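Inspection log for the structure reproduced underneath, given as structure tokens.
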Amino acid sequence: MDDTVYVQSHDVANGDRRWESNVGRFGGSPTVADGVLYVGTWEKELYALDGSDGSKRWSDDAEDAISGSVAVADGVFGFGDDYGNIVALAEP
């Protein structure tokens, strides 16, 4: 089985795919804030993707697998890891 996971954006009017981005496996729901899609992965990576075209704005390493959805407020990103910790990171 292929465990590649893609985040995709579709046009709501006609269903056409606008873009897709390979981010790896993730356990929480992606979060959107100010036109940016934030995804935390089981591969210990936090991604910020441009909501208009899916391009990577930035990524940052986490110490452990990110198993929950990412919360975003004032440039700080919070998420749960595989060990039950709540982690907060500032935008790199």
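The structure presented is a predicted model; accordingly, all values stated were derived computationally and were not measured. For this chain, numbers begin at 1 and follow the sequence in order.
Of the inter-residue distances, the one linking Tyr47 atom OH with Tyr38 atom OH reads 15.5 Å to the nearest 0.5 angstrom. Taking OH of Tyr83 as the reference point, atom CG of Asp64 lies at 5.5 Å (rounded to 0.5 Å). Atom CD of Glu45 sits about 7.0 Å away from atom CG of Asp60, to the nearest 0.5 Å. The CD1 atom of Ile66 sits 8.5 Å away from atom CG of Asp81, with the distance rounded to the nearest 0.5 Å.
Judged by distance alone, the side chain of Asn85 and the main-chain N or O of Val87 form no donor-acceptor pair under 3.5 Å. Although no hydrogens or angles enter the test, the distance criterion places no donor-acceptor pair under 3.5 Å between the side chain of Ser59 and the main chain of Leu46. Within the 3.5 Å criterion, the main-chain N or O of Gly28 finds no donor-acceptor partner in the side chain of Ser69. With Asn22 contributing its side chain and Gly24 its backbone, the two residues share a donor-acceptor pair below 3.5 Å.
Val32 is not connected to Val70 by any chain of hydrophobic side-chain contacts under 4.5 Å among Ile, Leu, Val, Met, Phe, Trp and Tyr, and they are in different clusters. Grouping the Ile, Leu, Val, Met, Phe, Trp and Tyr side chains by contacts below 4.5 angstrom, directly or via other members, places Phe79 with Trp58.
The pair Arg25-Glu43 meets the salt-bridge criterion, since a charged nitrogen lies less than 4.0 angstrom from a carboxylate oxygen.
In this structure, Asp34 places its CG atom where only 12 or fewer heavy-atom neighbours from other residues, nucleotides or ligands lie under 6.0 Å away.
In this structure, Pro30 and Val39 approach most closely via the heavy-atom pair CB-CG2, 3.9 Å.
Contact annotation: the side chain of Val23 approaches that of Leu49 to within less than 4.5 Å [non-hydrogen atoms, C-beta and beyond].
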